[in-house]
Amino acid sequence: MVIFLSTQVHGFKAVLCFLVLFSLNSTSLAYFRLPKTLQLTNWGGNLVFNATKVKTPWNTQHLLEIVKGASKIHAVGSKHSFSPVADSSEVLVSLREHMAGILSLDEDRQRVVIQGGCTYAVLAAHLQSRGWALGNLPSIPDVTVAGAVATGSHGAGRIGSSLPSQVTALQIVTGRGTVEMYRESEVAFEEDEESGGPSGRVSQFEGAVVAVGALGVVESLELRIVPSFQVEQCKYRNIQLPTGPNLQTIFEDLMLSAYSVSLFTIWAPGPSVTLSSVWAKHNINGTHAPITKGCESKLLGSDLLQDDIHMGEWGDPSVCTQGGRGAWNVKLSHFLPNALAADGNEVQSEYFVSLSSVGSAMSAMQVAMSTMLPELRGTLRTCEIRIVEADRHWLSPCFRRECVAFHFTWHLPRLLQEGALLPDQTLPLILNALEIIETTLAPFDMLPHWGKVFVTPPDSLRRSYAKNLPAFNLLMRHSDPYGKFRNDFITSYLADNVPLRELRDETEL
């Protein structure tokens with residue numbers, strides 16, 4: 001059911017579409033809200049932040065003062081999340097303006113240290129100019145490194161695709177008013193034999209990297225780097241993957257045919273999964289991973305394209321990385337730096353399943369999407385399918401399992417147009433589609449991406465992370481005993497019921 005409410009916001013008439021879908025949890029409503037005193041939206045346009053202030057610190061000391069002076073605060077990066085994971089009821093703090101540089105490059109240790117506001121685009125260009133590289137990149141290089149790793153984001157491939165796994169140390173300004181360093185090598189990870197979760201001498205580092213901003217503001221990060229390498233990107237169109245018992249083997253062979261492989265589909269009705277395009281990225285000379293063979297003239301019967309394409313027929317190819325050979329920093333991402341518009345007209349969702357069951361999951365998805373109502377499927381721009389390596393981060397959807405990610409991009413006209421919030425009939429269609437997708441993928445240990453739109457109930461997600469949530473809550477209470485960084489999203493999906501400490505005055509910090 002959709003209810004439209006009219007209200008007066010800062011002198012102009014606004015209409016907000018409240019989505020009341022009774023089968024959804026109440027947290028879903030947080031995606032579409034009226035602003036309080038700011039007109040600050042996320043990149044996609046589906047989320048209006050509740051914060052009343054945005055702070056841009058000049059340095060670590062200034063950041064400490066901002067954190068100490070706030071009762072509710074959260075870090076925000078490129079605003080490319082589509083869930084309210086980075087929302088705050090009082091203060092948003094952004095490091096992109098003044099704390100976004102590269103601090104040091106240690107070639108002997110093969111490490112680079114960056115500030116919390118640094119983007120992959122800036123870091124990649126800096127590393128390439130000095131003969132170094134990251135093992136992988138996200139699809140869009142203009143997102144911040146800190147934001148990407150905090151939400152468990154990824155590239156593609158069985159080697160280096162987990163972006164959190166590139167992190168070897170991070171420094172966090174906590175809710176206690178302290179600066180704390182977490183290092184990869186300080187404490188060995190030990191698991192509880194009965195539960196499989198962290199126990200004994202737990203490595204807090206494993207809980208601090210993918211932490212959705214719940215521990216504080218990531219002031220700086222140290223990342224592992226590799227020698228620069230060349231990548232050859234190959235693009236193909238219209239490949240058919242037959243559903244059934246052989247799909248698992250066909251899929252794995254296809255995904256292992258290059259260093260990084262992305263499959264794009266709109267789940268057109270039919271007995272097979274129709275891939276509108278396949279983008280294969282080959283490691284030509286990198287010493288950190290096996291060399292792959294480079295572009296082939298045909299892939300599963302499809303000819304190698306000579307012209308560049310966008311992953312969706314609706315898009316402009318000029319914003320995408322081109323086919324052919326080049327340095328890693330201009331081939332591993334799908335989009336060129338600074339090529340996308342400042343604001344998007346889309347919503348994104350992403351779900352992870354175990355690689356071992358992807359054949360069955362894709363066959364089930366083909367049936368579900370083929371029978372989906374045309375008006376639901378019509379909002380889908382594209383779905384990208386990628387392999388993501390296993391990692392050891394407590395809140396990662398790929399914790400100790402190789403994953404396959406199903407990334408959906410949905411068309412969404414902007415909610416904010418000419419200063420007014422406009423109702424949009426697309427939103428309930430998208431959420432209805434997500435219900436069908438999540439129901440279809442649930443038997444395959446599906447987990448959503450923290451920074452994308454999903455409708456999974458909090459209790460269901462808590463059960464999925466039950467092994468690691470107790471240790472993470474201990475870490476949250478240590479870093480943020482007063483709950484400064486807890487927002488509605490963190491409270492709903494992650495926090496336990498242990499009472500927070502009461503902050504009486506700043507002298508306690």
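Bear in mind that the values here come from a model prediction, so they are computed numbers and not experimental data.
Looking only at side-chain heavy atoms (C-beta outward), Leu447 and Tyr465 come within less than 4.5 Å of each other. Using a 4.5 Å cut-off on side-chain heavy atoms (C-beta onward), Thr321 and Val330 make no contact. Under the 4.5 Å side-chain criterion, counting only non-hydrogen atoms from C-beta, Tyr182 is not in contact with Val218. In this structure the side chain of Lys79 reaches within 4.5 angstrom of the side chain of Leu40, judged on heavy atoms. Using a 4.5 Å heavy-atom cutoff, the side chains of Arg111 and Val113 are not in contact. Cys118 has its side chain out of reach of Leu221: every pair of non-hydrogen atoms, C-beta onward, lies at least 4.5 Å apart. No side-chain heavy atom of Asp142 sits under 4.5 Å from any side-chain heavy atom of Ser78. Between Trp394 and Glu206, the closest side-chain pair of non-hydrogen atoms falls below 4.5 Å.
The distance from atom CG of Leu223 to atom CD of Gln110, rounded to the nearest 0.5 Å, is 13.0 Å. Lys331 contributes atom NZ, which lies 14.5 Å from atom CG of Asn283 (distance to the nearest 0.5 angstrom). Rounded to the nearest 0.5 angstrom, Asn338 CG and Leu336 CG are separated by 9.5 Å. Rounded to the nearest 0.5 angstrom, Asp106 CG and Ile225 CD1 are separated by 8.0 Å. With rounding to the nearest 0.5 Å, the separation of CD1 in Ile172 from OG1 in Thr178 is 9.5 Å. Atom CG of Leu134 sits about 8.5 Å away from atom CG of Leu163, to the nearest 0.5 Å.
In this structure, His411 and Ile430 approach most closely via the heavy-atom pair O-CD1, 3.8 Å. Across all their heavy atoms, Phe485 and Gly213 have their closest contact at CB-O, 3.6 Å. For the pair Val143 and Ala148, the tightest heavy-atom approach, listed with the atom from each and the gap, is CG2-CB, 4.4 Å. Considering every non-hydrogen atom in both Arg486 and Ala495, the closest pair reads NH1-CB, 3.4 Å. Listed here is the closest heavy atom pair of Ser492 and Pro458: O-CB, 3.3 Å. A pairwise comparison of heavy atoms in Pro57 and Ser94 identifies CD-O, 3.4 Å as the closest pair.
No hydrogens or angles considered: a donor-acceptor pair under 3.5 Å links the side chains of His478 and Glu180. A donor atom on one side chain and an acceptor atom on the other are not found under 3.5 Å apart for Asp87 and Asn487. Side chains of Gln348 and Glu346: a donor on one and an acceptor on the other come within 3.5 Å. Side chain to side chain, Tyr493 and Ser83 fail the donor-acceptor criterion of an N or O pair below 3.5 Å. There is no side-chain donor-acceptor pair under 3.5 Å between Gln233 and Trp279. Judged by distance alone, the side chains of Glu384 and His334 do bring a donor and an acceptor atom under 3.5 Å apart. Judged purely by distance below 3.5 Å, without hydrogens or angles, the side chains of Glu389 and Ser162 never pair a donor atom with an acceptor atom.
With Glu184 as the partner, the side-chain contact (heavy atoms from CB on, under 4.5 Å) test is satisfied by one option alone out of Val209, Val167, Thr168, Leu170: Thr168.
Between His98 and Trp58, the ring planes lie parallel to each other; the angle is under 30°, not in the 30° to 60° tilted range. Taking the six-membered ring for Trp and thresholds of 30 and 60 degrees, Phe454 and Trp450 have ring planes more than 60 degrees apart, a perpendicular arrangement. Between Phe408 and Trp410, the two ring planes are parallel [angle under 30°; tilted spans 30° to 60°].
Looking at His449, its side chain does come within 3.5 Å of a backbone N or O of Gly451 through a donor-acceptor pair. Proximity of a side-chain donor or acceptor of Lys452 to a complementary backbone N or O of Val347 within less than 3.5 Å is not detected. Side chain of Arg176 to backbone of Tyr482: no donor-acceptor contact under 3.5 angstrom is found. Under the 3.5 Å distance criterion, the side-chain polar atoms of Asn136 are matched with a main-chain donor or acceptor of Ala156. Remark: the backbone N or O of Val231 is not paired with any side-chain donor or acceptor of Lys281 at under 3.5 angstrom. Side chain of Ser333 to backbone of Asn329: no donor-acceptor contact under 3.5 angstrom is found. In terms of modelled atom types and a separation under 3.5 Å, the side chain of Lys484 and the main chain of Ala70 share a donor-acceptor contact. Asp496 places no side-chain N or O within donor-acceptor distance of the main-chain N or O of Asn473, the cut-off being under 3.5 Å. Here the side chain of Ser349 pairs a donor or acceptor atom with the backbone of Val453 at under 3.5 angstrom. Between the side chain of Ser161 and the backbone N or O of Gly155 there is no donor-acceptor pair closer than 3.5 Å.
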Stepwise side chain to side chain contact (heavy atoms under 4.5 Å, CB included) check, Arg462 with Leu469: CA-CA 8 Å; Arg462 286 173 178 272; Leu469 271 185; 4.0 Å; yes
Step-by-step side chain to side chain contact (heavy atoms under 4.5 Å, CB included) determination, Thr287 to Val226: CA-CA 8 Å; Thr287 58; Val226 299; over 6 Å; no
Verdict with reasoning, Phe352 to His154, per ring pair (Phe, Tyr, Trp, His ring centres under 6.0 Å): CA-CA 11 Å; Phe352 300 82; His154 59 89; 5.5 Å; yes
From CA spacing to verdict: side chain to side chain contact (heavy atoms under 4.5 Å, CB included), His62, Lys55: CA-CA 10 Å; His62 189 196; Lys55 301 286 189 177; over 6 Å; no
Leu395 vs Phe472, side chain to side chain contact (heavy atoms under 4.5 Å, CB included): CA-CA, chis, key distance, verdict: CA-CA 8 Å; Leu395 296 189; Phe472 185 74; 3.6 Å; yes
